[in-house]
Amino acid sequence: MLTGMQIAIIGGDARQLEVIKKLTEQDAKLSLAGFGQLDHAFSGAVKEKMDEIDFSEIDSIILPVSGTNTEGKVEAIFSNEDIMLTHDHLAATPAHCTVYSGISNAYLNEITKHSNRRLVKLFERDDVAIYNSIPTVEGTIMMAIQHTDFTIHGSKVMVLGLGRTGMSVARTFRALGADVRVGVRKTEHIARITEMGMKPFHLDELVGKVKDIDICINTIPVAIVTAKVIASMPAHTLILDLASKPGGTDFRYAEKRGIKALLAPGLPGIVAPKTAGQIMAGVLTQLLQEDLEKRKGKAK
Ligand code: NAP
C-alpha cells in the first residue's frame with residue numbers, strides 16, 4: 001500500500017487514468033494537474049492548478065510518457081491550459097522527491113540534475129519495454145493489415161533489430177505464418193534468430209536482402225533504411241518504421257520512389273491505452289512502494 005504518500009500527477013492522456021486509478025486504490029494521496037476537463041472524480045485525488053500544489057509535501061512527481069517538451073511544457077489532453085514544469089517546482093520538493101517520466105530530454109535532465117532530484121525514465125526499463133512490446137506488435141499488425149492488400153500469412157517480412165520490440169515483432173509475425181527474416185549486427189542475435197526458426201542476416205548485407213520483401217519493419221533508431229536500401233526494394237513493399245522519431249527511414253526518398261513508408265510512433269497509447277496505462281501503473285506502484293520503504297527505513 002502507498003498510504004502516506006503524496007504524489008503529483010502532472011498531465012498525460014488516457015494512460016494516466018489507469019495510473020490514477022491504481023495509485024488511489026493503493027491509498028496514495030494525489031494532486032492532479034492538467035485534468036481540469038476530466039469529468040470523472042477519483043476519491044483520494046484532488047484536481048489542482050500547478051500553482052496550487054504544495055510541492056514541499058510532494059514525495060513523487062509523475063509525468064506523462066513524453067515527459068516535458070524542450071521548453072518544459074507538459075502534454076495534458078484533459079486540459080486546455082499550458083502546464084509547465086520548472087526547476088522552481090522541483091526545488092520546492094523534499095530532497096527525497098523522485099520524478100517519474102516515460103522518456104526524457106535535455107530540459108528535463110537539466111532541471112532534475114540542477115535541483116538534485118532523482119529522475120526515473122520508465123521506458124528505459126527492460127520490464128516496461130518488454131510489456132509495451134505487446135501492444136506495439138498488435139498495432140504493427142493492425143497497420144500491416146490496413147496498408148496492404150495481401151495476407152501477413154505467406155508474406156515476406158523483414159524485421160530490423162532484435163531488441164525488446166524487434167524480438168516480439170519477429171516472433172508474432174512468424175506465428176501468423178509470415179516468412180520472417182531479421183537483420184542484426186551481433187553474432188549472438190544471428191544465433192538466436194536461427195534458434196527461433198527465422199532467417200538471420202547481418203545488417204551489412206541489408207541492400208542485397210530487401211530485393212524480394214513485402215513488408216519491412218524497422219525497430220532500429222538510426223538511419224538504416226537508406227535511399228540505397230529503398231531503391232533495392234520491390235515497388236509494393238510497405239515500410240513500417242517503429243523506431244522513435246525521426247525513425248530510421250529515408251521517408252523523402254521512399255515518397256519519391258512511390259514506396260509507402262509510415263512512421264508509427266506511440267502504438268501502445270493508440271491501440272491499447274488501457275493496457276499501456278496498466279503497464280505503467282503496475283511498474284510505478286512497485287517503484288513507489290520501494291521509495292516508501294526506503295524512506296521508512298531511513299526514518300528508523
Ligand atoms: P532496444 O531493445 O534497445 O533495441 C534496439 C535495437 O536496435 C537492437 O536490436 C539494437 O541492436 C539495434 N541498434 C541500435 N543501434 C544500432 C545501430 N547503430 N546499428 C545497428 N543496430 C542498432 O529498443 P526497443 O525497446 O526494442 O525499441 C526500439 C525502438 O522502437 C526505439 O526507438 C523505441 O523508442 C521504439 N518503440 C516504438 C514503439 C512504437 O509504438 N512505435 C513502441 C516501443 C518502442 P544491438 O543489440 O546490436 O545494439
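Start at 1 and go down the list; that is how both ligands and their atoms are numbered. Please read all numbers here as calculations on a predicted model, not as lab measurements.
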Candidate pair Asp212 and Arg181, rule salt bridge (Lys or Arg N to Asp or Glu O under 4.0 Å), full reasoning: CA-CA 11 Å; Asp212 64 343; Arg181 58 283 312 268; 3.3 Å; yes

Working for salt bridge (Lys or Arg N to Asp or Glu O under 4.0 Å), residues Asp179 and Arg174: CA-CA 6 Å; Asp179 172 358; Arg174 173 163 161 77; over 6 Å; no

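- Closer than 4.0 angstrom to ligand 1 lie heavy atoms from Thr136, Gly161, Leu162, Gly163, Arg164, Thr165, Arg185, Lys186, His189, Leu203, Thr219, Ile220, Pro221, Val222, Leu242, Ala243, Ser244, Ala264, Pro265, Gly266, Leu267, Pro268.
- Going from atom CD of Gln16 over to atom CD1 of Ile77 covers 10.5 Å, rounded to the nearest 0.5 Å.
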Verdict with reasoning, Leu206 to Met158, per side-chain contact (heavy atoms from CB on, under 4.5 Å): CA-CA 10 Å; Leu206 182 55; Met158 172 177 282; 3.7 Å; yes

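- Atom CD of Gln289 has more than 12 neighbouring heavy atoms from other residues, nucleotides or ligands inside a 6.0 Å radius.
- The closest donor-acceptor contact from the side chain of Thr151 to the backbone of His153 lies under 3.5 Å.
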